[in-house]
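To start, the structure under review is shown below, and the notes come after it.
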Amino acid sequence: MNPIVREIAERAADFLNVPAARVEGVLAPPRDESLGDYTIPCFAFAKELRRSPQEIAAELAPALEQLPSVERAEAAGPYVNLTVDRPRLLRHILGTVLKEGERYGGSDEGQGKTIVIDYSSPNIARPFTIAHMRTTVLGHSLKKIYEHLGYRVIGVNHLGDWGTQFGALIAAYKRWGSRERVEKDNVYELFRLYVRFHEEAKKDPALEDEGRAWFKRLEEGDPEALELWQWFVDVSWRVFQHYYEILGIEFEEVRGESAYRDMTGPLIQELLEKGIAKESRGAVIVPLDEEGDEGKEEPPLLLRKSDGTTLYATRDLAAAIYHYEKYQFHKKLYVVDAGQSLHFKQLFKALEKMGYPWAKDLVHVAFGVVLIEEQRMSTRAGRVVFFEDVLKQAVERIRRIIEEAEKKTELSDEEKEQVAQDVGVGAIVYANLSRSRLQNINFRWDEVLSFEGRSGPYLQYTHARLAGVLRKYEGEIPQDPDYSALTQPQEVALAKKLEQFPARVQAAAQEYDPFLLSDYLYDLALAINKFYDSCRVLGEPPEIERARIALVGAAKTVLKKGLELLGLKAPEKM
RNA sequence: GCGCCCGUAGCUCAGUGGAUAGAGCGCUGGCCUCCGGAGCCAGAGGUCGCAGGUUCAAAUCCUGCCGGGCGUACCA
């Protein structure tokens with residue numbers, strides 16, 4: 001912790017005769033930075049001291065002003081506003097950032113602990129849509145964040161490659177498919193077959209039975225069914241891999257639902273024998289009702305359908321057990337949309353009933369869905385936006401912006417292409433992280449393609465500006481300049497913003513929400529741009545220039561790290 | 001019916017107990033012979049869904065209601 005804050009808290013605690021942690025708990029930045037650096041609201045101490053908050057503040061202020069690192073302490077009604085020794089504060093903050101560099105904001109709290117994150121997990125035979133982006137981007141960022149905190153993170157891509165839908169797909173392919181068209185149009189062709197299947201099934205319900213029959217054959221190991229299925233998987237995976245490459249995402253484990261298909265039979269058997277599962281209406285279920293809560297019965301977890309085939313809940317159960325046995329995880333996170341809360345509630349409860357103590361370490365990291373024109377995306381209704389199309393448009397638009405600014409950017413053609421890609425991806429990624437995770441996102445082209453204001457490109461641009469200054473400075477970044485040269489409010493404000501980074505990384509991890517970090521990063525970029533606009537760096541008197549270079553260096557380090565944790569590239573030029 | 005989520009500026013969203021509720025977009029008006037204008041500054045714009053309650057203090061906590069979304073046994 002900041003030593004100045006500690007001194008203040010200790011002195012105040014001493015004076016008020018309360019624990020220092022109590023003071024630290026209320027000590028905060030004031031409403032307006034012109035009031036000072038910190039404020040102590042005295043309401044919390046009024047009751048036990050039997051004094052009004054105003055009286056307490058009036059007495060506390062002079063006591064705190066005696067501290068050498070406190071420049072000014074003023075009682076303002078019930079608040080004590082503190083202005084501290086700025087050079088010392090700046091030396092502490094910037095010194096820490098410059099010393100720790102890439103490690104700033106990290107910790108070793110995760111030493112020896114493993115976190116398994118199940119994310120992205122797309123369904124085979126469907127194109128990547130913007131709806132898939134949310135889980136992909138959230139999961140990837142969480143992974144980066146936990147790694148920064150010292151955890152070993154296993155990113156799991158639990159591909160949706162098993163289930164009734166593949167019976168339907170095989171049935172559709174057998175009726176209308178062609179090898180050439182699938183080779184040529186990959187997932188898009190598979191998707192067309194799938195859509196057609198459901199259209200025709202409306203007219204001819206017998207088709208559904210045909211699909212179910214194929215899935216049964218698949219589960220029973222029928223060679224023809226398996227061969228077709230494997231081919232669909234391969235075709236799809238090649239496409240997905242291409243997107244993951246563009247997004248800079250790698251998984252430690254790619255293991256679809258199909259990998260658990262041999263585990264489900266014995267698992268169901270075991271659960272039946274132990275009396276945890278039972279047969280009901282021809283299916284096998286795990287009842288989840290609590291004793292005696294009549295009237296609000298919990299729906300059971302369905303393990304096996306009456307036709308003998310399994311469900312994804314069955315495979316999820318097997319996967320959880322498999323992952324615990326393999327990794328002894330500290331936590332396993334499922335980054336899956338909020339519509340599936342009930343499924344996970346059931347899943348976790350079933351595992352608890354089975355007696356696994358680690359069931360409490362399973363977390364459903366729920367998020368709001370992506371809507372189009374206020375409606376849920378429907379692949380069947382054709383109300384869908386493909387990731388590929390969004391990416392193309394974003395990259396194209398950025399290319400044009402780069403061309404317009406050509407004289408300034410000094411980029412080679414290759415660099416331009418790379419930057420267009422990195423910034424295009426950045427725009428899409430940031431758009432997915434710019435709301436707290438439970439908010440639905442209404443997809444709008446003008447929003448994703450807006451690169452001004454609160455956006456990925458704005459953050460990246462800010463970083464490139466700082467990089468430009470350091471590039472032109474040419475010298476080494478001074479590690480311990482005279483910080484009393486930094487007297488502008490924008491300089492102090494920026495430094496204080498940098499100090500918040502570690503806490504924001506922590507908060508994002510704790511709440512499983514990278515938004516907390518992306519929100520902070522925007523504020524940081526804003527502080528940087530305000531500073532940049534009001535304080536020239538290069539060519540200023542040496543003392544000022546050196547101190548400002550240190551500030552720029554520290555700011556760039558934090559912004560870059562933050563972008564990385566969100567899954568965005570931080571180009572040096574753009 | 002029950003469960004979960006959401007309701008804050010024209011639009012999209014922050015803010016989960018502390019001072020005068022903040023951003024972005026849009027709108028109006030400014031700012032480089034100077035490190036990158038994808039920028040910065042200023043302005044207009046709000047009965048925080050409604051009604052009670054708790055508290056020295058409520059957008060924030062509690063209760064009820066209204067509006068919207070999702071889920072609720074053989075899809076994933």
Output one line per pair: protein atom, nucleotide atom from nucleotides 23-31 of chain B, and distance, for all N/O pairs under 3.5 Å.
from: B:A23; atom 1: O2'; to: A:Arg454; atom 2: NH2; distance (Å): 3.1

[atom1] spacing across the pair [N] / [M], given as an integer number of angstrom:
{"N": "B:G3", "M": "B:G64", "atom1": "P", "answer": "10 Å"}
{"N": "B:G17", "M": "B:C62", "atom1": "C1'", "answer": "13 Å"}
{"N": "B:G49", "M": "B:C11", "atom1": "P", "answer": "14 Å"}
{"N": "B:U28", "M": "B:G52", "atom1": "P", "answer": "41 Å"}

Taking only side-chain nitrogens and oxygens of [X], does any of them come within less than 4.0 Å of OP1 or OP2 of [N]?
{"X": "A:Tyr312", "N": "B:A76", "value": "no"}
{"X": "A:Thr164", "N": "B:A76", "value": "yes"}
{"X": "A:Thr462", "N": "B:G39", "value": "no"}
{"X": "A:Arg126", "N": "B:A76", "value": "no"}
{"X": "A:Tyr430", "N": "B:C13", "value": "no"}

Q | Qualifying residues under salt bridge (charged side-chain N to carboxylate O under 4.0 Å, His left out), relative to A:Lys496, sequence neighbours excluded | A | A:Asp37

Q. Of all the nucleotides listed (B:U12, B:A76, B:A19), which has the minimum atom distance to the side chain of A:Arg435?
A. B:U12

Q. Should stems be defined as at least three consecutive Watson-Crick or G-U pairs with both distances under 3.5 angstrom, which of them involve RNA chain B?
A. B:1-7 with B:66-72, B:10-13 with B:22-25, B:27-31 with B:39-43, B:49-53 with B:61-65

Q | Under 3.5 Å side-chain donor-acceptor pair for A:Gln340 and A:Tyr312 | A | yes

Q) Nearest-Å distance, CZ (A:Arg465) to P (B:A38)? A) 8 Å

Q. Excluding sequence neighbours, so at least two apart, what forms side-chain hydrogen bond (donor to acceptor under 3.5 Å, both in side chains) with A:Thr314?
A. none

Q. Among all residues two or more places apart in sequence or in another chain, which pass the ring pair (Phe, Tyr, Trp, His ring centres under 6.0 Å) test with A:Tyr522?
A. A:Tyr458

Q. Quick check: are there more than 12 heavy atoms from other residues, nucleotides or ligands sitting under 6.0 Å from NZ of A:Lys353?
A. yes

Q. Can you list the residues that meet the side chain to side chain contact (heavy atoms under 4.5 Å, CB included) rule with A:Gln393, with sequence neighbours excluded?
A. A:Trp445, A:Leu449

